[in-house]
Amino acid sequence: KSAALHNTYVQQMTPERLRQIIELPAERVGLSLAEGLSARILQDVGTEPGALALIQHTLDQLWQKREGRILTQRSYDALGGVIGALNRHAEFVVSGLPQAELDEARRLLVRLVARPGESALYTRRCVALAALRPEDAQQRLIFEQVMNKLVEAQLLVVRRVEDGGGGEEVDVVEVAHEALIRTWTRLGQWVRA
């Protein structure tokens with residue numbers, strides 16, 4: 001079984017609930033956030049799908065760069081905010097792949113980006129997992145390794161949806177955060193190429 005099938009999905013949360021998710025755990029462990037930091041994080045996350053995962057990743061990075069018991073604006077700036085932290089994470093994950101897996105990651109990620117035209121923004125594409133799996137057994141093995149790594153790194157998500165045709169359920173894959181498509185340099189280069 002793929003690790004991709006063990007995700008739990010959470011409904012989009014209100015800004016107030018997200019603020020609590022940022023502040024309350026920090027308080028419980030004796031940390032404080034610099035004044036205005038929660039508001040900046042919330043503003044940067046906006047209505048981005050997967051806001052909780054973005055916040056979680058950013059807070060983890062801020063914790064690693066804390067100054068004493070304080071999560072600082074300076075550290076947040078150094079991360080490049082929510083988007084900078086996400087892009088660095090994506091780059092770290094992908095740059096660590098062996099060449100065969102990197103090639104497969106490129107093939108996979110490009111297929112998950114909708115390219116509507118010159119003037120429109122690229123967006124996520126939801127694609128049936130079965131349609132992405134290579135037929136060749138060796139390539140399929142590499143594909144599964146890459147899928148597991150990208151899902152585990154929270155760069156891709158797999159979810160089960162009802163197939164429009166006969167009521168069957170199928171697994172679909174998509175890029176976890178629209179922000180990756182808009183701001184991750186490597187992915188942008190791959191899509192344009």
Side-chain angles (χ1 to χ4, degrees), residues 2-98 101-102 105-106 108-109 112-113 123-124 145-159 173-190:
S2 166
L5 299 179
H6 299 286
N7 288 326
T8 301
Y9 298 97
V10 179
Q11 255 183 332
Q12 184 71 18
M13 296 186 185
T14 66
E16 183 52 38
R17 181 66 182 126
L18 288 173
R19 179 181 306 283
Q20 292 171 356
I21 286 171
I22 293 169
E23 295 173 356
L24 295 178
E27 288 174 15
R28 285 189 186 124
V29 296
L31 294 174
S32 60
L33 283 79
E35 187 173 333
L37 184 56
S38 294
R40 279 186 72 193
I41 293 170
L42 290 172
Q43 180 180 356
D44 289 352
V45 168
T47 58
E48 183 71 37
L52 188 58
L54 284 172
I55 289 170
Q56 173 192 359
H57 179 73
T58 303
L59 290 174
D60 181 55
Q61 296 295 306
L62 283 170
W63 181 82
Q64 293 176 36
K65 296 181 178 297
R66 71 193 179 280
E67 295 177 16
R69 307 294 290 164
I70 301 172
L71 305 182
T72 67
Q73 297 276 2
R74 181 176 32 253
S75 295
Y76 188 70
D77 290 339
L79 288 174
V82 171
I83 302 305
L86 177 63
N87 288 342
R88 261 195 292 293
H89 172 64
E91 191 58 34
F92 175 78
V93 169
V94 170
S95 66
L97 296 175
E101 290 182 13
L102 180 62
R106 178 181 180 160
L108 173 61
L109 287 164
L112 296 174
V113 176
T123 59
R124 289 189 286 194
Q145 291 169 336
V146 169
M147 275 294 300
N148 286 336
K149 288 177 182 180
L150 296 180
V151 169
E152 186 176 306
Q154 299 180 342
L155 299 177
L156 296 181
V157 292
V158 176
R159 58 191 169 91
V173 183
E174 64 185 330
V175 174
H177 309 288
E178 194 86 31
L180 280 172
I181 295 169
R182 293 190 308 270
T183 63
W184 183 21
T185 303
R186 184 189 298 248
L187 181 54
Q189 290 169 343
W190 285 347

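Values below: all heavy atoms of this structure, side chains included; hydrogens, waters and symmetry mates excluded.
- Within the 3.5 Å criterion, the main-chain N or O of Thr183 finds a donor-acceptor partner in the side chain of Asn87.
- Within the 3.5 Å criterion, the main-chain N or O of Leu112 finds no donor-acceptor partner in the side chain of Arg124.
- For the pair Trp184/Val175, no side-chain contact is recorded, criterion being any heavy-atom separation below 4.5 Å from C-beta on.
- When the side-chain contact (heavy atoms from CB on, under 4.5 Å) test is applied to Gln20, the partners found at least two apart in sequence or on another chain are Glu16, Arg17, Leu24.
- Considering every non-hydrogen atom in both Gly30 and Arg69, the closest pair reads O-NE, 3.5 Å.
- How far CZ of Arg186 is from CZ of Arg106: 9.5 Å, rounded to the nearest 0.5 Å.
- Taking both residues in full, the closest heavy atoms of Asp44 and Gly81 are given as OD2-CA, 4.3 Å, listed atom of the first, atom of the second, then distance.
- No hydrogens or angles considered: nothing links the side chains of Gln56 and Asp60 as a donor-acceptor pair under 3.5 Å.
- Between atom NE2 of residue His177 and atom CG of residue Leu155 there is a gap of 7.0 Å, rounded to the nearest 0.5 Å.
- Proximity of Val94 to Leu102: side-chain heavy atoms (C-beta onward) are separated by under 4.5 Å at one or more points.
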**Request:** List the steps and the verdict of side chain to side chain contact (heavy atoms under 4.5 Å, CB included) for Leu33 and Arg40.
**Result:** CA-CA 11 Å; Leu33 283 79; Arg40 279 186 72 193; over 6 Å; no
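- Side-chain contact between Leu42 and Ile22 is present, with at least one heavy-atom pair separated by less than 4.5 Å.
- Between Lys65 and Ser75, the closest heavy-atom pair is O-OG, 2.8 Å.
- Residue pairs meeting the ring pair (Phe, Tyr, Trp, His ring centres under 6.0 Å) criterion with at least one member in residues 55-79, sequence neighbours excluded: His57-His89.
- Residues meeting the side-chain contact (heavy atoms from CB on, under 4.5 Å) test with Ser32, sequence neighbours left out: Ile70.
- Smallest separation of non-hydrogen atoms from Leu71 and Leu37: O-CD2, 3.4 Å.
- To the nearest 0.5 Å, atoms CG (Leu156) and NZ (Lys149) are separated by 13.5 Å.
- At least one donor-acceptor pair under 3.5 Å links the side chain of Gln73 to the backbone N or O of Glu35.
- Rounding to the nearest 0.5 Å places CD of Glu101 at 9.0 Å from CG of Leu150.
- In this structure, CG on Leu180 lies 8.0 Å from CG on Leu54, to the nearest 0.5 angstrom.
- Residue Ile41 holds its CD1 atom at 6.5 Å from OG1 of Thr58, rounded to the nearest 0.5 Å.
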